[in-house]
Asks: 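Dumping the structure here so I can ask a few things about it.
Numbers here simply count residues along the sequence, with the first being 1. Worth saying up front: this structure is predicted, and the values here are computed from it rather than measured.
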Amino acid sequence: MKNKKKILAAAVIILIAIAALIALAAAAEEHRAKKLAETFEDATETQTTGKESILPGKKVRLYGRKYTYDHQIETYLFLGTDGSGDENEEEGAYVGSMADVLNLLVLDKTDKTYAIIQLNRDTITEIDLMTEDGECYASAELQLCTAHWYGGSKEQSCENTVAAVSRFLGKIGIDGYMAIPMTQIGALNHMVGGVEVTIEDDFSESDPSLVMGETILLNDEQAVSYLRGRKSVGDGENTSRMRRQSQYMSALSARARETLGNDADALLAAEQELLAISTTDLNEKKLSGIADKLYQYENLGIFTPDGKTGLGERLGDGIEHTEFYADEQSVTDMMTQLFHLEAAEEE
């Protein structure tokens, strides 16, 4: 295992990326200029070029039980990576960061709905341990965020995280990924001229400008504090930070509609900026196709598995770190609702 002394504060970039996708589509509801229409042309039905299902067909295995489903579903994993590694090292060896924010976008093409599965970075699950050439040599039960440590490139780190999320959710197929570093939080906030939120946690120790109970239009620096703060904010729990991330995502979507909605060129520029700052296997046409579905489909909301939080030393660095153990029934109920699972007969 690579030498990591501690788990750093999480980023919320993935939520920003998803909200931006939703906003890009929704903002064009009344002002879909020709250039934007051409970008979306035929994109909705583009066949996926991403990862194939680990289990053949539409099958899921959760906690020892097999399920099947018959809906046409696409899934895309969005990641927010911290700065704990050295992903841009040019002379030395690549060192992956951690995927501290993990959100799976679930598009149901049968019912024309979409939802976001918000996964706790501290979720204990099986992680593949990889060499720098991308070879898996073992696996271990570790925090989900650590999957991005492994591999010899940004792409391999993302692919390892995709594999870990797929395994945790019953070996579902994941059709693509996008990872954005937390250093871009301010830039994405700036894209829409700031986002207004009501401060619901005590930030007095980390950022006194964020006063609990006040409604504030976050500037770029405040957005970083609001979305990354954890240990010295409120109860210090990652679940509280995840709540702030969800709040910010909703507010960002509305803000983007206000600031970008009448300008097709600005919408396209925002989409292209997401691609420029990310590590992804999604091209511009595919990204536009996803945005188009988000515009058309019904939003079912954000789903987060229940579970229990504790402390443990699984990382082997002599320090206790947060561990989240997802409730099996909660995960099964969530997957049944979103994937329309039906129990399969055991062979």
Asks: Mind checking side chain to side chain contact (heavy atoms under 4.5 Å, CB included) for His71 and listing every partner two or more places apart, or none if nothing turns up?
Replies: Ile73, Asp108, Thr110, Asp111, His340
Asks: CH2/Trp149 to OG/Ser157 distance, rounded to the nearest 0.5 angstrom?
Replies: 11.5 Å
Asks: Do other residues, nucleotides or ligands put more than 12 heavy atoms under 6.0 Å from the CD atom of Glu342?
Replies: no
Asks: Okay, side chain of Thr304, backbone of Asn120: is any donor-acceptor separation there less than 3.5 Å?
Replies: no
Asks: Same cluster or not: Phe324 versus Phe303, using hydrophobic residues (I, L, V, M, F, W, Y) connected whenever any side-chain heavy atoms lie under 4.5 Å apart?
Replies: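 Shared cluster, no.
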Asks: Tell me, do Arg243 and Glu200 make a side-chain contact under 4.5 Å, heavy atoms counted?
Replies: yes
Asks: Hey, are the side chains of Gln156 and Glu135 touching, using non-hydrogen atoms and a 4.5 Å cut-off?
Replies: no
Asks: Can you sort out the partners of Glu298 under side chain to side chain contact (heavy atoms under 4.5 Å, CB included), two or more places apart, ordered by chain and number?
Replies: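 Residues passing side chain to side chain contact (heavy atoms under 4.5 Å, CB included) with Glu298: Thr113, Leu300.
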Asks: Indicate yes or no for a side-chain donor-acceptor contact from Thr280 to the backbone of Tyr177 under 3.5 Å, with no hydrogens or angles considered.
Replies: yes
Asks: Side-chain contact, heavy-atom cut-off 4.5 Å: Glu313 with His321?
Replies: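 Of all side-chain heavy-atom pairs linking His321 with Glu313, none is under 4.5 Å.
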Asks: Sub-3.5 Å donor-acceptor pair from the side chain of Arg61 to the main-chain atoms of Lys171, do we have one?
Replies: no
Asks: Between Leu252 and Val224, is there a shared hydrophobic cluster once you connect ILVMFWY residues whose side-chain heavy atoms come closer than 4.5 Å?
Replies: yes
Asks: Is any side-chain heavy atom of Thr215 less than 4.5 Å from a side-chain heavy atom of Glu196?
Replies: yes
Asks: Determine, stepwise, if the pair Gln337 / Asp333 fulfils side-chain hydrogen bond (donor to acceptor under 3.5 Å, both in side chains).
Replies: CA-CA 6 Å; Gln337 180 176 348; Asp333 290 345; over 6 Å; no
Asks: Would a distance-only check, ignoring hydrogens and angles, find a side-chain to backbone donor-acceptor pair under 3.5 Å from Ser166 to Val162?
Replies: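 Not confirmed, Ser166 side chain does not pair with Val162 backbone.
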Asks: Taking all non-hydrogen atoms of both residues into account, name the closest pair between Ser278 and Met178 and its distance.
Replies: CB-CG, 3.7 Å
Asks: In Å and rounded to the nearest 0.5 Å, what is the OG1 to CG distance from Thr125 to Leu119?
Replies: 9.5 Å
Asks: Going by side chain to side chain contact (heavy atoms under 4.5 Å, CB included), name the residues that satisfy it together with Val197, two or more places apart in sequence or in a different chain.
Replies: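 Partners of Val197 by the side chain to side chain contact (heavy atoms under 4.5 Å, CB included) criterion, ordered by chain and then number, come out as Val195, Ile199, Leu218, Tyr226, Gln247, Tyr248, Ala251.
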Asks: Do you know which two heavy atoms are closest between Ala147 and Ile127, and how far apart they sit?
Replies: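 Closest approach of Ala147 to Ile127, heavy atoms only: CA-CG2, 3.7 Å.
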Asks: Is any side-chain heavy atom of Leu287 closer than 4.5 Å to a side-chain heavy atom of Tyr76?
Replies: no
Asks: Show the nearest heavy-atom pair for residues Asp202 and Ser204, with the distance to one decimal.
Replies: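 What the structure gives for the nearest pair is OD1-OG, 2.8 Å.
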Asks: If Ile, Leu, Val, Met, Phe, Trp and Tyr residues are connected whenever their side-chain heavy atoms lie under 4.5 Å apart, and connections chain through other members, are Phe168 and Tyr69 in the same group?
Replies: yes
Asks: Please step through side chain to side chain contact (heavy atoms under 4.5 Å, CB included) for the pair Leu227 and Asn189, ending with a clear verdict.
Replies: CA-CA 11 Å; Leu227 299 172; Asn189 188 77; over 6 Å; no
Asks: Does some side-chain heavy atom of Leu142 sit less than 4.5 Å from a side-chain heavy atom of Leu129?
Replies: yes
Asks: Side-chain heavy atoms nearer than 4.5 Å, only ILVMFWY residues, links allowed to pass through others: does that put Tyr63 and Leu169 together?
Replies: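 Looking at the clustering, Leu169 is in the same group as Tyr63.
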Asks: Between the side chains of Lys109 and Glu74, is the shortest nitrogen-to-carboxylate-oxygen separation below 4.0 Å, so that they form an ion pair?
Replies: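 The answer is yes: the pair qualifies as a salt bridge.
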Asks: Run Asp122 and Leu144 through side chain to side chain contact (heavy atoms under 4.5 Å, CB included) and show every step you take.
Replies: CA-CA 6 Å; Asp122 298 319; Leu144 180 57; over 6 Å; no
Asks: So does Asn160 get a backbone contact from the side chain of Asp128, meaning a donor-acceptor N/O pair under 3.5 Å?
Replies: no
Asks: Would you call Asp175 and Lys286 a salt bridge, using N to O less than 4.0 angstrom?
Replies: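 Between Lys286 and Asp175 there is no salt bridge, as every charged N stays at least 4.0 Å from the carboxylate O atoms.
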Asks: Is Ile116 reachable from Leu282 through a run of I, L, V, M, F, W or Y residues, each pair having side-chain heavy atoms under 4.5 Å apart?
Replies: yes
Asks: Taking all non-hydrogen atoms of both residues, which atom of Ala164 and which atom of Glu126 are closest, and how far apart?
Replies: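 Shortest heavy-atom separation between Ala164 and Glu126 comes out as CB-O, 4.1 Å.
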Asks: Return the NZ to CD distance between Lys308 and Glu323, rounded to the nearest 0.5 Å.
Replies: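 If we round to the nearest 0.5 Å, Lys308:NZ and Glu323:CD are 14.5 Å apart.
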Asks: Of all heavy-atom pairs between Ala179 and Thr81, which one has the smallest distance, and what is that distance?
Replies: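 Taking Ala179 first and Thr81 second, the nearest heavy atoms are CB-CG2, 4.3 Å.
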Asks: Mind checking the CD1-CG spacing from Ile117 to Leu338? Nearest 0.5 Å is all I need.
Replies: 5.0 Å
Asks: Under a 4.5 Å cut-off applied to non-hydrogen side-chain atoms, are Val233 and Asp207 in contact?
Replies: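 Not touching, per the 4.5 Å side-chain cut-off.
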Asks: Rounded to the nearest 0.5 Å, how far apart are CD of Glu320 and CZ of Arg314?
Replies: 13.0 Å
Asks: Please check if the side chain of Asp220 supplies one atom and the backbone of His190 the other of a donor-acceptor pair under 3.5 Å.
Replies: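 Judged by distance alone, yes, a pair lies under 3.5 Å.
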Asks: Rounded to the nearest 0.5 Å, what's the gap from CG on Leu62 to OG1 on Thr336? Could you check?
Replies: 7.5 Å
Asks: Restricting to non-hydrogen atoms, name the atom on Asp306 and the atom on Ser330 that form the minimum distance, rounded to 0.1 Å.
Replies: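 Closest approach of Asp306 to Ser330, heavy atoms only: N-OG, 2.9 Å.
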Asks: Do Thr68 and Lys59 have side chains that approach each other closer than 4.5 Å (heavy atoms only, starting at C-beta)?
Replies: yes
Asks: Walk me through it: do Gln72 and Lys58 pass the test side chain to side chain contact (heavy atoms under 4.5 Å, CB included)?
Replies: CA-CA 9 Å; Gln72 296 294 320; Lys58 298 174 183 178; 2.7 Å; yes
Asks: Walk me through whether Ile124 and Gln143 qualify under side chain to side chain contact (heavy atoms under 4.5 Å, CB included).
Replies: CA-CA 5 Å; Ile124 299 301; Gln143 284 88 343; 4.0 Å; yes
